[in-house]
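In what follows, a structure is listed as structure tokens, so that the remarks can point back to it.
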Amino acid sequence: MFSAADHGYMARALQLAERGLYSTSPNPRVGCVLVRDAVVVGEGWHQRAGEAHAEVRALQAAAADGMAVRGATAYVTLEPCNHHGRTPPCVDALLAAGVARVVAAMEDPNPLVAGQGLARLRAAGVETASGLLANEARELNIGFVSRMTRGRPWLRLKAAASLDGRTALASGESQWITGAEARCDGHRWRARACAILTGFGTVRDDDPQLNVRDIETPRQPWRVVIDSRLETPPTARLLDGGQVLVIGAEDHAARADALRARGADVLILPNAAGKVDLSAALQALAQRGINEVHAEAGFRLNGSLLRENLVDELLLYLAPCLIGEAALGLFNLPALAALADKRQLQWRDVRPVGADLRIIARL
């Protein structure tokens, strides 16, 4: 169905889409390549919400270079939109340009599109196809797909530990178990996320900034704190600028007002046990356009997220050292009655980062 040339042009479109890795939220990362008579006549990628989509940027690039588009094939990593959002429909732009063929890596999971863009192109006489490098396109937008299909963001839980699985001494000292290269790599993952999530215990013990520092980024993710009693102090460093959301279970008016005075949003979402309803919290983040959540928390919140089946992916850095059994572990999980009850993981990537080992695994 697809030629070797088709694969090459779509691979290029995916490379372009990846340029928006840190900037397109809440929109998906999309790239487009326009090809006419085996010549690339235009390229583009979506950069920021509210700005031109990849297809329009590719058309603009072709026009700027004086390249003819009529009769061309558009390779786009996500189905062109057919609805008015912050920008006009990309289908209109492609039809007006006279594109003869559109190849999409995958259909758009957004219910406002969901096949309608390709259907309208076909109805207008444009040849369409989809499914070329679909897995790669899905991985690039795994958070957007999650938000559109499950109503919650993709949650990636990051932790750094010794080889014996310890994250901090019993005193709470944890800086630094892993090396500088691993910490920098962790900031890259922070940067691609829409929100960085932690718990009040981490705020209390470490007073983290919870932002991206070690790499350049065009925007800072939301900072989200799970804090049942709204005990986050107004002096916390994570309140120093940027979008902050504190999610509690008990509505302490004075504490909430103090946090709001520092620029934070406060949301009260209790569960039956009087703790924060973590599933409802993720749904609330999805409603705010959050595609990917990067969790960096203590072993209690880590365990709660795992117990409630809210973790999609583990990002684990292991340092070549041993700390001992008295130190704190990775996850606060209940004991198993039988080994058959173990949680199974799927390895996605294992590689050295500096002196440490990075493991990506999915549940």
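All values derive from a computational prediction rather than experimental measurement.
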Practice item. Would you please test N211 and I196 for side chain to side chain contact (heavy atoms under 4.5 Å, CB included) and show each step? Key: CA-CA 8 Å; N211 58 6; I196 304 171; 5.6 Å; no

Exercise for review: Output all residues satisfying side-chain contact (heavy atoms from CB on, under 4.5 Å) with H7, sequence neighbours left out; order by chain, then residue number.
Suggested key: F2, L132, L133

Review point. Do L282 and I247 share a hydrophobic cluster, counting only Ile, Leu, Val, Met, Phe, Trp and Tyr and linking them when any side-chain heavy atoms are less than 4.5 Å apart?
Key: yes

Point to revise | Salt-bridge criterion met for R255 and E250 (N-O under 4.0 Å) | key: no

Review point. What distance separates C32 SG from Y75 OH, expressed to the nearest 0.5 Å?
Key: 11.0 Å

**Study point:** Any donor-acceptor N/O pair, R166 side chain to I323 backbone, under 3.5 Å
**Key:** no

Exercise for review: State, to 0.1 Å, how close S25 and C194 come at their nearest heavy-atom pair, and which atoms those are.
Suggested key: OG-SG, 3.2 Å

Point to revise | Nearest non-hydrogen partners of I177 and A160, listed with the distance | key: CD1-O, 4.3 Å

Exercise for review: Identify the heavy atoms of A134 and A105 that sit nearest to each other, and give their distance.
Suggested key: CB-O, 3.3 Å

Check your understanding: Any salt bridge between D312 and R150, counting N to O under 4.0 Å?
Key -> yes

**Study point:** ILVMFWY cluster membership beyond I360 - transitive side-chain contacts under 4.5 angstrom
**Key:** W189, L315, Y317

Review point. Does atom CZ of R237 have more than 12 heavy-atom neighbours, drawn from other residues, nucleotides or ligands, at distances under 6.0 Å?
Key: yes

Exercise for review: Look only at the side chain of S162 and the backbone of A319, and say whether a donor-acceptor pair between them is shorter than 3.5 Å.
Suggested key: no

Practice item. Could you tell me whether a side-chain N or O of E127 sits under 3.5 Å from a main-chain N or O of A100, the two making a donor and an acceptor? Key: no

Exercise for review: Please report the shortest heavy-atom distance between R192 and R29, naming the atom on each side.
Suggested key: O-NH2, 2.9 Å

Practice item. Check the pair T232, D227 against side-chain hydrogen bond (donor to acceptor under 3.5 Å, both in side chains), reporting the backbone distance first and the verdict last. Key: CA-CA 7 Å; T232 297; D227 180 4; 2.8 Å; yes

**Study point:** D185 and R351: CA distance, side-chain angles, deciding distance, salt bridge (Lys or Arg N to Asp or Glu O under 4.0 Å) verdict
**Key:** CA-CA 12 Å; D185 189 69; R351 69 179 65 189; over 6 Å; no

Revision key, fill the gap. Sequence neighbours excluded, the answer for side-chain contact (heavy atoms from CB on, under 4.5 Å) partners of S23 is R48, P218

Point to revise | Side chain T128, main chain V102, donor-acceptor under 3.5 Å | key: no

Check your understanding: Judged by atom type as modelled, is there a donor-acceptor pair below 3.5 Å linking the side chain of N82 to the main-chain atoms of V113?
Key -> no

Point to revise | Side-chain donor/acceptor of E136 to backbone N/O of T77, under 3.5 Å | key: no

Practice item. Following the transitive rule for hydrophobic clusters with a side-chain heavy-atom cut-off under 4.5 Å over Ile, Leu, Val, Met, Phe, Trp and Tyr, establish whether L269 and V244 coincide in one cluster. Key: no

Point to revise | Expected output: side-chain D108 to main-chain N110 donor-acceptor under 3.5 Å | key: yes

Review point. Is a side-chain donor or acceptor of R223 paired with a backbone partner of L238 at a separation under 3.5 angstrom?
Key: yes

Practice item. Mark yes when over 12 heavy atoms from residues, nucleotides or ligands other than R120 sit less than 6.0 Å from its CZ; otherwise mark no. Key: yes

**Study point:** Short side-chain donor-acceptor distance under 3.5 Å, N332 and R300
**Key:** no

Practice item. Might you work through the side chain to side chain contact (heavy atoms under 4.5 Å, CB included) test for V276 and S228, ending with a clear yes or no? Key: CA-CA 6 Å; V276 171; S228 292; 3.8 Å; yes

**Study point:** Salt bridge R262-D240, side-chain N to carboxylate O under 4.0 Å
**Key:** yes

Study note, to complete from the structure: Scanning both residues in full, the closest heavy-atom pair of T202 with G298 reads OG1-N, 3.5 Å

Exercise for review: For the pair K158 and R190, evaluate side chain to side chain contact (heavy atoms under 4.5 Å, CB included) and give the outcome as yes or no after the intermediate values.
Suggested key: CA-CA 9 Å; K158 179 261 182 181; R190 278 188 179 189; over 6 Å; no

Exercise for review: Hey, could you give me the CZ/CG distance between R156 and L314, rounded to the nearest 0.5 Å?
Suggested key: 11.0 Å

Check your understanding: Below 4.0 angstrom, N of the basic side chain to O of the carboxylate: do E231 and R204 qualify?
Key -> no

Review point. Is it true that F144 and L14 fall in one hydrophobic cluster, defined by side-chain heavy atoms closer than 4.5 Å?
Key: no

Practice item. Provide the closest heavy-atom pair for G199 versus A297 in the form atom of the first, atom of the second, distance. Key: N-CB, 4.1 Å

Review point. Salt-bridged, R12 to E43, with N to O below 4.0 Å?
Key: yes

Check your understanding: So, N302 side chain and L157 main chain: donor-acceptor pair closer than 3.5 Å or not?
Key -> no

Practice item. Kindly work out whether a path of hydrophobic side-chain contacts (I/L/V/M/F/W/Y, heavy atoms less than 4.5 Å apart) joins L316 to F299. Key: no

Exercise for review: Indicate yes or no: does K275 engage E308 in a salt bridge with an N to O separation below 4.0 Å.
Suggested key: no

Check your understanding: Quick check: does any side chain N or O of R183 sit under 3.5 Å from a backbone N or O of W176, one acting as donor and the other as acceptor?
Key -> no

Point to revise | Criterion side chain to side chain contact (heavy atoms under 4.5 Å, CB included) on V99 and V69, from CA distance to verdict | key: CA-CA 6 Å; V99 168; V69 173; 3.9 Å; yes

**Study point:** ILVMFWY network linking I226 to V311, side-chain heavy atoms under 4.5 angstrom
**Key:** yes

Study note, to complete from the structure: Checking L245, V266, D265 against L259 for side-chain contact (heavy atoms from CB on, under 4.5 Å), the one that qualifies is V266

Review point. Salt bridge or not for E139 and R362, using N-O below 4.0 Å?
Key: yes

Check your understanding: Hey, are N309 and R343 close enough side-chain-wise for a donor-acceptor pair under 3.5 Å?
Key -> yes

